[in-house]
Amino acid sequence: MISVLLAYALAVAAILAMGVALVQALRLGRSIVGGEVGDKWKLLTLLIGFFFVGYLVSPLALFFELPAQYLNLLVFGVFLGGAAFVLVVIGIIRDVLRFLKLLR
Amino acid sequence: MDLVLQQLGQVPGVVGSLVCGADGSLAASAFPAGFDRGKLEQMAAQLAADIFLPEWMPGAPCWLDLRYRDGRVVVRPVEDSWLLVLCTPQVNIQLLQMSLVQATRRVQRWAPGAGPPPRPAPAASPPMLARGPARPPGELAELQEIARSGLGDRAAPALELLSRAGPSQADQLRAIGEVEEMTRLFVSRKEAEGIGRRLRAVVATRSPR
């Protein structure tokens with residue numbers, strides 16, 4: 001019982017954190033005009049939105065006791081999304097570092 | 001150096017800035033009229049007298065960000081001098097950092113210990129000829145106008161890159177490449193190609209000697 005409650009608490013915390021991330025990504029996106037960094041930022045915002053929706057419905061998986069095989073698919077799907085997210089972030093950082101090198 | 005500080009003052013949220021030497025002397029300052037010069041000199045002397053700052057910040061990449069309720073003070077070492085910037089709490093610190101990288105490089109040329117400020121060389125001096133043909137008068141303005149018309153209010157870094165380039169055709173083409181890359185990264189690929197083509201067309205009209 002405690003583990004289920006803990007899982008719900010973690011889900012709520014994750015939803016809140018991802019919600020804040022989504023708002024910040026949208027706000028920052030307004031000051032990014034376009035270009036390669038702009039394209040990557042849009043992709044990043046889409047991924048954050050995707051994660052946010054996924055996090056929102058995740059407590060339902062607990063509530064309806066999703067079968068293990070589907071749960072595995074969900075978990076590894078999240079892993080793949082996380083890896084894509086990291087790749088996009090690294091791409092943005094690389095572009096920004098290249099820009100800073102230009103300014104030096 | 002005053003021009004560098006004045007340009008730094010155009011960054012949103014920057015109130016004023018000063019450069020002081022290791023001996024605490026105020027080398028230059030750009031603050032609004034209400035600021036007492038005596039107080040600024042006192043602040044410069046206190047900054048230079050701090051024996052821990054040089055240990056904490058041994059080089060240019062280091063900087064100190066002091067946050068107060070009513071403002072922020074950013075300090076960066078420049079050679080043997082200090083560049084101090086007073087800002088409002090709302091300052092965009094990332095934008096300020098980028099401007100500080102530029103300002104630091106330009107202040108370094110005039111910093112105490114770095115020698116006297118470079119004088120503009122005469123157009124026909126031997127070093128200039130060795131680097132390539134001199135920039136025709138009005139060319140920089142033409143290049144900057146193209147960058148300004150293409151990038152609008154985002155043109156500042158491009159103008160800086162163009163004005164910083166040397167007078168030779170190779171230097172100009174390198175700067176144009178940098179402007180093109182910056183535009184491709186932050187504005188649009190299509191615009192980058194257009195601006196690059198127009199800028200190169202201006203430089204290409206100059207016949208290499």
side-chain hydrogen bond (donor to acceptor under 3.5 Å, both in side chains) contacts touching residues 28-39 of chain A (sequence neighbours left out): A:E36-B:R184

Taking non-hydrogen atoms and a cut-off under 4.5 angstrom, which of residues 81-93 of chain A neighbour chain B?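 Not one residue of residues 81-93 of chain A has a heavy atom under 4.5 Å from chain B.
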
Looking at A:E65, I'd like to know if its CD atom is crowded, meaning that more than 12 non-hydrogen atoms belonging to other residues, nucleotides or ligands lie closer than 6.0 Å.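 At most 12 heavy atoms, drawn from other residues, nucleotides or ligands, come within 6.0 Å of this atom.
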
More than 12 heavy atoms of other residues, nucleotides or ligands under 6.0 Å from CZ of A:F50: is that the case?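 No, not enclosed.
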
